[in-house]
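Structure first, then comments.
None of these values were measured; they are calculated from a predicted model.
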Amino acid sequence: MTTQIKAKLLQHFAAKKKGNDGFTLIELLVVIIIIGILSAIALPSFLNQANKARQSEAKTYVGSMNRAQQAFYMENNEFATDLLDLGLGIAAETETYEYDITPSTAEPGEAVTANAQPKPVLAVGSGTSAVKAYVGGVKIGTAAGTGEATTLGVLCEALSAPINGGANGAEETQNHDASTPGSPQCDTTADTGYKPIQ
């Protein structure tokens with residue numbers, strides 16, 4: 001081959017290579033569509049994890065309130081009716097929840113309920129919250145197997161958030177009667193929809 005032909009051949013390949021430096025419009029559209037599909041799948045999962053983190057605060061606080069009520073009863077022979085009396089350092093209101101203690105209306109003095117009510121979120125538009133409510137109950141009762149008198153507790157989680165028609169955390173636990181063996185029960189009626197947390 002002559003040097004002229006070699007030079008022209010090399011120029012031809014060099015020119016062809018320079019034309020393939022970028023991406024085509026189709027390639028860019030495919031990548032954008034794939035990124036859009038992946039983000040559509042991942043975003044709801046991420047938002048759900050944020051709500052679960054907020055709910056873990058309420059679950060922990062209501063469980064602590066239950067245990068503190070049991071200890072308070074051991075020391076004072078009565079249940080605390082004010083959150084400050086428990087000495088837990090739990091604020092009555094946080095960014096996501098409002099906490100309070102209500103004595104049982106069914107058996108005054110024998111049972112108490114701790115509530116974690118989700119605060120309304122105005123940004124949602126409906127004034128309802130996207131986090132679940134929690135209710136805890138402690139009662140004076142008898143242990144099922146031994147018949148010994150003791151304090152028994154339960155922690156209940158709403159089946160759905162208020163934004164989906166779920167409970168708001170103002171409900172009272174059931175089975176407050178001290179003569180009935182076993183711990184208090186979650187209100188599992190269709191109106192409120194709670195389940196016990198093990």
Side-chain angles (χ1 to χ4, degrees), residues 48-76 78-119 128-146 148-178 180-198:
N48 191 31
Q49 292 301 321
N51 281 341
K52 283 184 180 181
R54 290 183 189 103
Q55 289 172 183
S56 69
E57 167 202 310
K59 192 185 308 184
T60 301
Y61 282 7
V62 172
S64 296
M65 290 163 68
N66 276 357
R67 289 184 293 280
Q69 282 288 10
Q70 290 174 316
F72 190 88
Y73 189 85
M74 294 284 290
E75 293 177 8
N76 302 302
E78 65 181 2
F79 290 114
T81 56
D82 190 337
L83 190 57
L84 293 174
D85 293 340
L86 295 177
L88 293 172
I90 295 174
E93 187 174 328
T94 63
E95 187 177 316
T96 312
Y97 285 94
E98 294 174 354
Y99 300 95
D100 69 344
I101 296 173
T102 54
S104 169
T105 55
E107 297 291 329
E110 292 186 13
V112 67
T113 301
N115 302 312
Q117 299 177 21
K119 289 172 67 174
T128 56
S129 182
V131 293
K132 294 179 181 179
Y134 290 87
V135 175
V138 178
K139 78 167 195 167
I140 303 167
T142 55
T146 63
E148 295 176 351
T150 187
T151 54
L152 304 166
V154 68
L155 179 59
C156 309
E157 176 184 59
L159 295 175
S160 58
I163 197 167
N164 295 330
N168 65 5
E171 293 76 18
E172 196 173 286
T173 55
Q174 299 175 331
N175 186 21
H176 286 309
D177 188 5
T180 306
S183 57
Q185 302 295 311
C186 298
D187 188 356
T188 56
T189 59
D191 294 7
T192 55
Y194 281 94
K195 67 177 180 181
I197 298 175
Q198 303 297 340

Looking at V154, is its backbone amide N or carbonyl O close enough to the side chain of N66 to form a donor-acceptor pair, meaning the two atoms are under 3.5 Å apart? yes

With rounding to the nearest 0.5 angstrom, report the CG to OH distance, L83 to Y99. 10.0 Å

Side-chain ion pair, E93 and K119, N-O less than 4.0 Å: yes

Give the minimum heavy-atom separation between F79 and A111, together with the two atoms involved. CE1-N, 3.8 Å

Which atom names give the shortest non-hydrogen contact between P103 and T81, and what distance separates them? CG-CG2, 3.9 Å

Heavy-atom side-chain proximity of T94 to Y61 below 4.5 angstrom: yes

Atom CD of E57 and atom OG1 of T96: how far apart are they, to the nearest 0.5 Å? 5.5 Å

So, for R54 and V131, which heavy atoms are closest and what is the spacing to 0.1 Å? CB-CG1, 4.1 Å

Look up atom CD in E157 and atom NZ in K132, then write down how far apart they are to the nearest 0.5 Å. 4.0 Å

I'd like to check L86 versus I101 (side-chain heavy atoms, cut-off strictly below 4.5 Å). Are they in contact? yes

Mind checking whether P118 and Y97 have side chains closer than 4.5 Å, heavy atoms only? yes

To the nearest 0.5 Å, tell me how far M65 CE sits from Q69 CD. 7.5 Å

What one should report as the nearest heavy-atom pair of D85 and A80 is CB-CB, 3.9 Å

Separation between OH (Y73) and NZ (K139), nearest 0.5 Å, reads 12.5 Å

Between V135 and V62, the two heavy atoms sitting closest are C-CG1, 3.9 Å

Within-4.5 Å side-chain heavy-atom neighbours: F72 and E78: yes

For S64 and L88, the nearest pair of non-hydrogen atoms, with its separation, is O-CD1, 3.7 Å

How long is the span from the CD1 atom in I90 to the CG atom in L84, to the nearest 0.5 Å? 10.5 Å

In terms of heavy-atom contacts, does CD of E95 have more than 12 from other residues, nucleotides or ligands at under 6.0 Å? no

